[in-house]
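Each remark here refers to the structure printed beneath this line.
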2 protein chains.
Amino acid sequence: MADQTRGRSRAGASAPLPKSHRTRERILDAAARVLSRKGYAGTRLQDVATEAGVQAPAIYYYFSSRDELIAEVMYVGAHRVRGHVNDVLAGLPLDTTPMGRILAAVEAHLRYELLISDYTTASVRNAGQVPREVRERATAEETAYTHMWRDLFEQARDAGELRGDLDVNLTRLLIIGAMNWAAEWWNPEQRTLDDLVAATQKLVLNGVGSP
Amino acid sequence: MADQTRGRSRAGASAPLPKSHRTRERILDAAARVLSRKGYAGTRLQDVATEAGVQAPAIYYYFSSRDELIAEVMYVGAHRVRGHVNDVLAGLPLDTTPMGRILAAVEAHLRYELLISDYTTASVRNAGQVPREVRERATAEETAYTHMWRDLFEQARDAGELRGDLDVNLTRLLIIGAMNWAAEWWNPEQRTLDDLVAATQKLVLNGVGSP
DNA sequence: GTCTATATGCTGATAGAC
DNA sequence: GTCTATCAGCATATAGAC
């Protein structure tokens with residue numbers, strides 16, 4: 001869970017040269033920006049190229065088609081978030097309680113998805129619009145990520161740290177939805193990321209009602 | 001807050017005829033479906049027309065341009081949800097507590113947004129992609145709706161029904177985000193709407209932690 | 001009110017120079 | 001590796017018949 005770019009070198013080629021790799025990364029970042037702002041159908045290779053500082057045909061040196069470029073953006077976004085949360089969980093003290101692990105995952109998810117917010121909003125906004133074939137690799141990542149969260153909740157429930165009458169699956173989906181949507185409205189000039197993390201953890205742990 | 005279509009008749013014309021009105025409504029519903037599935041840039045008038053059972057040029061009889069059609073979809077979605085929640089709140093017993101009003105608003109929002117889910121997903125998915133000019137009327141609706149929720153939370157806080165250390169604005173945004181995102185994943189074949197409403201209310205009221 | 005026919009403009013992808 | 005030049009396809013919007 002340490003790699004974050006999934007070096008998709010051309011078939012059979014050795015590792016890309018540094019310069020080549022940086023250009024590919026610039027194109028990918030540019031595509032994430034354009035995809036999040038213009039949507040799947042509105043993502044023009046011309047705009048991606050301008051944003052990346054190359055001409056449009058140069059994109060075809062790194063990606064075989066527009067759809068493959070978009071598929072890579074969706075995959076990389078999902079993959080990096082899962083990798084980061086996974087790494088954070090793996091680094092927690094062994095005596096961390098299941099609920100402590102859930103709260104740590106909430107923090108890790110929020111911090112990372114807002115750090116790479118172009119990829120996050122690109123995924124969130126286009127999840128229902130990108131054709132299924134193009135989403136396939138990203139979907140596999142998201143399934144794995146869903147399983148990770150399901151495990152977190154089931155361990156908390158088995159440890160008696162969750163309310164007994166909770167529908168664990170529905171609640172998990174609601175919480176992940178609240179976090180994903182934060183990428184749409186969070187404004188660092190109005191609230192610090194620390195405040196957002198704290199508010200989310202409080203909501204998850206105790207809701208809004210006074211005890 | 002009873003009207004739900006905002007009869008946008010042509011400049012200076014009297015109310016549209018029944019048949020005309022139904023066709024307009026079919027085109028609007030079709031546009032909501034296409035917009036949610038294909039996105040702003042991918043919404044082709046040809047697809048809208050096919051879905052509505054008319055030919056593409058007929059759309060221009062009811063809407064002056066593609067952008068005006070899309071603007072109307074975004075506006076109507078926001079307007080109807082706000083109208084419904086407003087109506088439900090107005091119908092509550094006078095002795096309903098502020099927290100009871102929040103939970104009623106949660107239920108009303110979820111039920112209505114999932115009832116008109118094409119409009120909901122059209123708004124949610126394209127909120128960050130539709131040009132500002134096209135979003136203007138919808139934005140005004142959403143601002144009014146935001147104020148309504150802010151009032152609900154402030155009344156609950158003033159009545160001492162909220163935890164004292166709560167960041168009311170952040171929490172409100174997280175809750176509305178969780179609900180909006182439910183339109184993306186809720187599957188009526190897996191969980192009833194009643195279950196979803198109950199799970200959301202529990203999360204809002206008490207979070208997931210055991211008391 | 002709704003149709004057929006069409007003008008105009010823009011996009012993805014390729015060929016081939018350097 | 002990255003560029004210039006170019007082709008073929010498709011979408012909005014309008015004109016005008018019925």
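First the proteins, then the strands, lettered A, B, ... as listed; each starts at 1.
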- line: For nucleotides 2-18 of chain C, 5' to 3', base contacts (B), sugar-phosphate-only contacts (S) and non-contacts (-) with protein non-hydrogen atoms under 4.0 Å give BBB------SSBB----
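Nearest approach of B:Trp185 to B:Leu196, heavy atoms of both residues: CH2-CD1, 3.6 Å.
Within the structure, every pair that satisfies the salt bridge (charged side-chain N to carboxylate O under 4.0 Å, His left out) test and touches residues 34-49 of chain B, not counting sequence neighbours, is listed here: B:Arg37-B:Asp118, B:Lys38-B:Asp47.
A straight line from CZ of B:Phe63 to P of D:dT12 spans 15 Å, rounded to a whole angstrom.
A heavy-atom distance below 4.5 Å is not found between the side chains of B:Leu28 and B:Tyr62.
Between B:Arg132 and B:Glu136 there is a salt bridge, since a side-chain N of the basic residue sits under 4.0 Å from a carboxylate O of the acidic one.
Taking the salt bridge (charged side-chain N to carboxylate O under 4.0 Å, His left out) definition, one finds that A:Arg191 meets it with B:Asp167, sequence neighbours left out.
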